[in-house]
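Shown next, in C-alpha cells, is the structure this report addresses.
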Amino acid sequence: MAQLSMTGHRAPAIFIALAVTASAMAPVRAHAADEFHYSVRINAPGKLDDLLRDNLDVVRFRGNPRMDREQLQRMVRAAPEQVKTLVATEGYFSPAASARIEGDGQPVVVIDVQPGEPVRVDSVDIVLEGFTPNPQSPFDTAALTASWTLPKGDIFRQEDWEKAKRALLRQVVQTRYPRAVLTETEAAVDPERHAAALRLVLDSGPELRFGELRVEGLKRYPPSVVANLNQIKPGDYYSEAALQAYQSRLQDTGYFASVEVSADMSSVLDEQIEAGKGQPAGASPPVLPLLVRVVENKRRNVSAGVGYSTNTGNRAQLNYDDLAVYGLKMKSALTLETKKQTAKVDFYFPTTADGYNDSFGTSYVRSNIEGEETNTFAINARRAWGTPLLERSIALELLTERRDVAGSRGVRSTSLPVTYAVTRRKVDNLLFPTTGHVLSWQLGGALLAEEPFARASVKGLFYIPFDPKNLVLLRGEAGAVISKQKDGIPATYLFRAGGDQSVRGYAYQELGVGEGTATVGGRYLATASVEYQHWLRPAWGGAVFYDAGNAADQLSGLHPKSGYGVGVRWKSPVGPLNVDAAYGHSTKKVRLHFSLGISF
C-alpha cells in the first residue's frame, strides 16, 4: 500500500508543491531567427482546467522570445508529471495525464487529463492539549472540535486543509489563549484507498488575562480621553475582539491620527509562557498590560469643499475644528446651498467613564423650499450613548423661528422642545448591509411653547436577500404631531415628503400641505418604498423601485403620491452610491436623484 504523509512541528507544513519550476528549460539560444508560436488545448473537467491553465509551464511560457520547438518538446514531456502534481492539490492522487504536439507550422499542444476518483477525508483526530479547566468560565473545547471545517467524507484539497488548520488555531488565539500553537499536523494519504487520515495537536499555551491600562503618545489631551472609552477591566480574559472594539472607539473620537491597541506580550517574561507550557497547579494566570499607542491629530483643522445635491442644489462648505478649547472639542461649519444655508458650532465633552457623550452648541438655518422661507436660531444640549448597533440620545433645544409663506404675513415662534431618539441596527454589515434591518424612532415635544405639542416618528429599513446577487429593500416612515392647533409649531418639527431618501420622482420636500402658492409641512406623514436590486458585479448593480407617500394635516388627507423608476448602485469606498431616474406620477416629470449611504 502506497502512502504519503506530511508532518510538522510548531507551524503548518506544506504538503504538496503547488507548481513545477521551469527547470526543464535547458540553456537556449540567445536569439531565435523567427518567433515561435503555439497554442495549448487542455481537456480537463471542472476547475482543473483553470488550475492547469494558470500553472503549467507549457502555458506560461507561450510568447517567450527564447522558445523554440526543442524547448516545447521538453516541456511537453514534463507536462504529465506536472499535471499530476497540480491536480493532487485538488484531491486527485491517481490521475491519468498525457501531452502531445499536433501540427507543424503553428503546433497545438493537447493535454488530456482524467483525474480519477478523488481522495476523501477518512478520519480526523484533533488532540487538544492545555486548556486548563476553569469551573467559573470553561473554554468550550467541544464546540472548538465541532467547528473543524474539513470533516470526514470531504474531498481532501490542500487549500482546504490549510484553511481548516488556520481557522482552528484562529478561534483559540482570538480569545484567552493568544499563545496557542499547532505542535503537530499530519495528513496521511493512501492513494490506493483514496483516503486521507488527518491528525492535529493543538497546544493552548497559558490562559491570559488583561492587566492595567498603559497609554503612550498623549501630549495635548487628558488621559481621560483614552481611559473613559476603555471597557476592558483588569482580570478580563484576553479577547482580540475587545481590543479591536476599543481601538475603533478611540479612532472615532477624532483626537488621533492613528491608534494602536494591543496586549503587551513583551512585558510577560515568565518562562512558562516563552515555552508555551501550561501553568503550574494553583498559579495565577499571567497578566498582559493593555497598551494604547496614539499619535495625536493636529489641534486645529480647516477644510473646504464644493458639491451638488439633487435635494438642495449647489453646495459650498467651510469647516473649522479645534480639538482643545478649554478641554472641549469644537466643530464648526458654514454650509451654503441653493435652497438652504446653515451656520453652526458645537462643543463636545470627552466621553465619560459611563459611556455618555455630552455636547452643546448653537446653529442658524435659513431655508427657502417650495415657497416657504424659514429662519431658525437654536441653542441645544445633547447627550448620546450606546453603540453603533443601538444608539440613544436625548436633546433639548431653545428654538426661535421666523416663518414667511408667499402671500401671507410672517410668523414668529419660540419653543423649548425635547427629543428622545433611538436607532437600532441589526444588519450583517454596517457599511454595505445585505440582510437584516435598521429601525429608528423619536419621541418628543414641547410644553414651553406658544403652541404646546407632542411629536412621534418612526423609520424602518429592511434588507431581504434572495441570493448574493438579488436583494429586496423595504423602507417606510410614519410620523405625527399632536396639538390643539398647527399655528405656533416650529416648521422644523412638521413633516414633508419627497426627495432622494423619501418619495423619489418629486423635488425635495415637495409633498406636503398647500398654503397659498406654497407647500408647507403637515402634522402627519406616511411614506413607503419597495426596491429590487440585482448585482451584476460585486461592486456594481442595478435597481427598480416604487415609492409612495405624502404629508397632511389630517390622517384622512394622507393621499399618497407615487414615483417609480430605475437606478444604478455602486459600492464606493465610503458607502453605497445611488443614482436614480424616477418618474413622478402626479407631476408627470422625470427627476434624477443622487444619494450616498443609507438615510439613518
Side-chain angles (χ1 to χ4, degrees), residues 1-18 47 51 84-95 115-135 137-208 237-240 272-281 285:
M1 178 181 70
Q3 179 167 294
L4 304 175
S5 67
M6 176 192 71
T7 60
H9 296 279
R10 293 286 170 187
I14 297 177
F15 181 28
I16 299 168
L18 286 177
K47 295 181 179 179
L51 172 70
K84 292 178 182 179
T85 301
L86 288 168
V87 300
T89 65
E90 294 296 309
Y92 299 95
F93 286 80
S94 303
E117 184 179 345
V119 168
R120 296 185 179 273
V121 177
D122 183 58
S123 63
V124 180
D125 182 19
I126 300 177
V127 180
L128 302 178
E129 296 181 345
F131 298 97
T132 305
N134 187 332
S137 181
F139 191 90
D140 195 343
T141 54
L144 177 65
T145 304
S147 69
W148 176 250
T149 59
L150 187 58
K152 182 177 179 180
D154 278 14
I155 294 177
F156 177 74
R157 299 175 63 250
Q158 181 176 338
E159 182 180 358
D160 293 341
W161 166 237
E162 296 298 333
K163 286 182 178 179
K165 289 186 293 183
R166 287 194 297 268
L168 184 72
L169 182 61
R170 185 72 175 150
Q171 290 185 70
V172 178
V173 300
Q174 283 182 326
T175 177
R176 296 172 67 165
Y177 298 102
R179 306 283 298 189
V181 65
L182 286 168
T183 59
E184 181 183 343
T185 63
E186 180 181 12
V189 177
D190 184 348
E192 295 180 2
R193 294 180 52 243
H194 305 287
L198 310 182
R199 173 179 167 80
L200 304 94
V201 179
L202 175 58
D203 188 339
S204 70
E207 185 180 67
L208 300 180
Y237 288 112
Y238 174 89
S239 168
E240 191 173 293
Q272 67 184 19
I273 296 179
E274 292 298 325
K277 297 179 180 179
Q279 307 168 59

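Each residue takes its place number in the sequence, starting with 1.
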Hey, are the side chains of [X] and [Y] touching, using non-hydrogen atoms and a 4.5 Å cut-off?
X	Y	result
Val181	Val173	no
Leu198	Glu186	no
Leu150	Phe156	yes
Ile155	Val119	no
Thr149	Lys163	no
Ser239	Gln174	no
Glu129	Val127	yes
Pro115	Val87	no

Any residue meeting side-chain hydrogen bond (donor to acceptor under 3.5 Å, both in side chains) with [X], in chain and number order, not counting sequence neighbours:
X	value
Arg199	Asp125, Glu184
Glu240	Arg170
Gln171	Ser147

> By salt bridge (Lys or Arg N to Asp or Glu O under 4.0 Å), which residues pair with Arg176, not counting sequence neighbours?
Replying inline: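 Counting only residues at least two positions away or on another chain, Arg176 forms a salt bridge (Lys or Arg N to Asp or Glu O under 4.0 Å) with Glu207.
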>> Taking the basic N atoms (NZ, or NE/NH1/NH2) and the acidic carboxylate oxygens, is any pair closer than 4.0 Å for Arg179 and Asp203?
In response: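 Salt bridge flag = no for Asp203 with Arg179.
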What pair of heavy atoms forms the shortest contact from [X] to [Y], and how long is it?
X	Y	answer
Val172	Ala180	CG1-CB, 3.5 Å
Gly153	Arg120	O-NH1, 3.0 Å
Ser94	His194	OG-CE1, 4.1 Å

>> The criterion is ring-ring contact (aromatic ring centres under 6.0 Å, His included); which residues satisfy it with Tyr238, sequence neighbours excluded?
In response: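 If we apply the ring-ring contact (aromatic ring centres under 6.0 Å, His included) test to Tyr238, skipping adjacent residues, the hits are Phe210.
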> Phe139: what forms a ring-ring contact (aromatic ring centres under 6.0 Å, His included) with it, not counting sequence neighbours?
Replying inline: Phe131, Tyr177
>> Show me the pairs that pass salt bridge (charged side-chain N to carboxylate O under 4.0 Å, His left out) and involve residues 137-155, at least two apart or across chains.
In response: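 Counting only pairs at least two positions apart or across chains, no salt bridge (charged side-chain N to carboxylate O under 4.0 Å, His left out) contact touches residues 137-155.
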> side chain to side chain contact (heavy atoms under 4.5 Å, CB included) with Ile126: which residues, sequence neighbours excluded?
Replying inline: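 Result, side chain to side chain contact (heavy atoms under 4.5 Å, CB included) vs Ile126: Val124, Leu128, Thr145, Trp148, Leu168, Leu200.
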>> Is there a side-chain contact (heavy atoms from CB on, under 4.5 Å) between Glu90 and Leu51? Walk through the geometry before answering.
In response: CA-CA 9 Å; Glu90 294 296 309; Leu51 172 70; 3.7 Å; yes
> Would Val201 and Leu182 count as a side-chain contact (heavy atoms from CB on, under 4.5 Å) if you check the C-alpha gap in whole Å, the side-chain angles of each, and the deciding distance to 0.1 Å?
Replying inline: CA-CA 6 Å; Val201 179; Leu182 286 168; over 6 Å; no
